[in-house]
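As the structure is a prediction and not an experimental result, all values here were calculated from the model.
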Amino acid sequence: MRDVTTAQPLDVQPTPLALLLLGREADPRSERGVECPGDLPAPSDPDLVARARAAKEKLGDKVFVLGHHYQRDEVIEFADVTGDSFKLARDAAARPDAEYIVFCGVHFMAESADILTTDAQQVVLPDLAAGCSMADMATAEQVAECWEVLAEAGVADVTVPVSYMNSSADIKAFTGRHGGTICTSSNAQRALEWAFQQGQKVLFLPDQHLGRNTAVRDMGMSLEDCVVYNPHKPNGGLTPEELRAATMILWRGHCSVHGRFSLDSVNDVRERIPGVNVLVHPECKHEVVAAADYVGSTEYIIKALEAAPAGSKWAIGTELNLVRRLANRFADQGKEIVFLDKTVCFCSTMNRIDLPHLVWALESLVAGKVVNRIQVDKETEHFAKLALERMLALP
């Protein structure tokens, strides 16, 4: 094998795509507001950890750092709390004395935190290019056009929108305006049960898999009760008759991480690891969920592994950073925890929040400069909060 320590440097220039994935460039055509002005510390800076600690100590109680479960370990180390997106937004709202909320997650999560916190608090996203491919699969213009299609088919009046937490503030506001509610992967069934008490049909945004799995697996509907609205086709690719016959109108969106797991992944891991328990997130495809032993949200996955007996074997279908962290956490208990797929799969946009970006954001706050502030306009905030409050009022 070639000794890489003595290899000569290659005369290769990084492509724009490579720079984008490394967090050194941005593509304003695919993400909203991705320019990050200012100079980041070099990722090889050996003093980054010390700088992050020093900046956080100087800021004291003025700053509250939130770390999503899918973040890198180097970032999680500096989080005051960890959790899923909605838990973190609520944690931020419970700290009204914190002047700055530094959200180590993605754009829609920081929007939710801004909606739920006070006007005196400022939410910071260390890298504005940390978006969410699923959330970006449903724009306000596309959803407004979809509602017109439903109206022309004569079903808008009996349709209730239910939007997944993994959606933009604009989509949450649309949901609030049209009498709908928000859901998480933990309470999607309760949200759908509530929605069917209000109307006859549900428009589920933006993740088709969570909507389908909840309706079919948890509520006993059939796959034939579900249709998929494709915003890139005329009338969503559906006829008025199909819309009138459907119970669940699913938006054609998905998670780029969970959507990659396949039935082959499940079959392969069962062959490789006899007696393995397959545990997957409900954002996975329906055939994967149907073949799994256990299905649940990120918090469910963590609690299931906490309660698992020593010596048990688990294949987990969710983001790799979390799976690795859980594998290390429970290794001394003899629990074998592996990633469901053979292919490495990080959430690429979540991973844009790295230590250089976090240090830059914290040191800027120390210097009295608020960078990458996330602000939701008042009208959008009002209707988005209305939809969130309907979720909070669910039994």
Side-chain angles (χ1 to χ4, degrees), residues 32 85-86 89 108 111-112 114-116 132 134-185 187-208 210-212 214-215 219 221 225-240 242-253 376-395:
R32 295 157 297 158
S85 59
F86 187 58
F108 78 81
E111 285 183 330
S112 296
D114 185 59
I115 289 168
L116 294 176
C132 171
M134 180 201 295
D136 288 340
M137 289 177 189
T139 67
E141 293 78 10
Q142 289 173 332
V143 176
E145 182 178 337
C146 170
W147 199 252
E148 291 178 3
V149 171
L150 297 185
E152 290 173 2
V155 299
D157 290 345
V158 295
T159 301
V160 178
V162 175
S163 292
Y164 190 23
M165 181 62 66
N166 297 26
S167 58
S168 69
D170 287 338
I171 301 307
K172 290 183 176 72
F174 167 89
T175 305
R177 285 189 183 96
H178 291 85
T181 187
I182 308 302
C183 76
T184 68
S185 52
N187 68 7
Q189 181 175 346
R190 278 183 288 154
L192 287 182
E193 289 170 345
W194 173 88
F196 283 118
Q197 292 171 357
Q198 320 303 314
Q200 300 171 19
K201 302 174 185 292
V202 164
L203 171 63
F204 194 90
L205 301 153
D207 180 24
Q208 61 171 306
L210 177 61
R212 181 181 295 106
T214 305
M219 299 178 66
M221 296 184 203
D225 291 323
C226 307
V227 295
V228 177
Y229 182 96
N230 185 343
H232 302 293
K233 291 185 176 181
N235 298 317
L238 299 169
T239 65
E242 287 173 319
L243 288 170
R244 286 193 282 268
T247 304
M248 289 286 293
I249 303 166
L250 307 170
W251 191 264
R252 190 176 182 272
V376 178
D377 68 85
K378 289 301 178 184
E379 182 180 358
T380 302
E381 177 183 305
H382 170 75
F383 286 104
K385 186 177 286 187
L386 187 61
L388 286 166
E389 288 171 347
R390 290 192 186 112
M391 181 184 75
L392 293 173
L394 291 173

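Side-chain contact between Tyr164 and Pro206: present, with at least one pair of heavy atoms (C-beta onward) separated by less than 4.5 Å.
Checking side-chain atoms of Asn187 against main-chain N and O of Arg190 turns up no donor-acceptor pair under 3.5 Å. In this structure, the side chain of Asp114 engages the main chain of Val376 through a donor-acceptor pair within 3.5 Å. Proximity of a side-chain donor or acceptor of Lys201 to a complementary backbone N or O of Arg244 within less than 3.5 Å is detected. For Thr181 (side chain) and Met391 (main-chain N/O), a donor-acceptor pair under 3.5 Å exists by modelled atom type. No donor-acceptor distance shorter than 3.5 angstrom exists from the side chain of Arg252 to the backbone of Pro231, with no hydrogens or angles considered.
Rounded to the nearest 0.5 angstrom, Leu392 CG and Phe86 CZ are separated by 4.5 Å. Taking CG of Asn230 as the start and CD of Gln142 as the end, the distance is 9.0 Å to the nearest 0.5 Å. Atoms OH and CG, from Tyr229 and Leu150 in turn, are 7.5 Å apart once rounded to the nearest 0.5 Å. The CG atom of Leu210 sits 7.5 Å away from the CE atom of Met134 when rounded to the nearest 0.5 Å. Between the CG atom of Asp207 and the OG atom of Ser163 there is a distance of 11.5 Å, given to the nearest 0.5 Å. The CG atom of Leu116 lies 8.5 Å from the CD atom of Glu389; values are rounded to the nearest 0.5 Å.
Heavy-atom contacts from other residues, nucleotides or ligands closer than 6.0 Å to CZ of Arg177 number more than 12. Environment of CG in Asp157: sparse, with no more than 12 heavy atoms of neighbouring residues, nucleotides or ligands closer than 6.0 Å. More than 12 heavy-atom neighbours from other residues, nucleotides or ligands sit within 6.0 angstrom of CD on Gln198.
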**Q.** Check against side chain to side chain contact (heavy atoms under 4.5 Å, CB included), Asp170 and Thr380
**A.** CA-CA 6 Å; Asp170 287 338; Thr380 302; 3.8 Å; yes

Q | Test side chain to side chain contact (heavy atoms under 4.5 Å, CB included) applied to Val162 and Trp194, step by step | A | CA-CA 10 Å; Val162 175; Trp194 173 88; 5.6 Å; no

Q: Quick one: do Lys385 and Lys172 satisfy side chain to side chain contact (heavy atoms under 4.5 Å, CB included)? Show the steps, please.
A: CA-CA 8 Å; Lys385 186 177 286 187; Lys172 290 183 176 72; over 6 Å; no

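Taking all atoms of both residues into account, the shortest heavy-atom contact from Val228 to Trp251 is CG1-C, 4.5 Å. The nearest pair of heavy atoms linking Val149 to Leu243 is CG1-CD1, 3.8 Å. Across Ser168 and Ala135, no two heavy atoms sit closer than the pair N-CB, 4.2 Å. When every heavy atom of Ala384 is checked against every heavy atom of Ala169, the shortest pair comes out as CB-O, 4.0 Å. Between Gly176 and Leu386, the shortest heavy-atom distance links the atoms O-CD2, 3.7 Å. Between Ala215 and Met248, the shortest heavy-atom distance links the atoms CB-CG, 3.8 Å.
Ring pair Trp147/Phe174 is perpendicular by interplanar angle, where above 60° counts as perpendicular and below 30° as parallel.
For the residue pair Gln189 and Glu193, a side-chain donor N or O sits within less than 3.5 Å of a side-chain acceptor on the partner.
Leu205 pairs in a side chain to side chain contact (heavy atoms under 4.5 Å, CB included) with only one of the listed residues (Ile249, Ile171, Asn166), which is Ile171.
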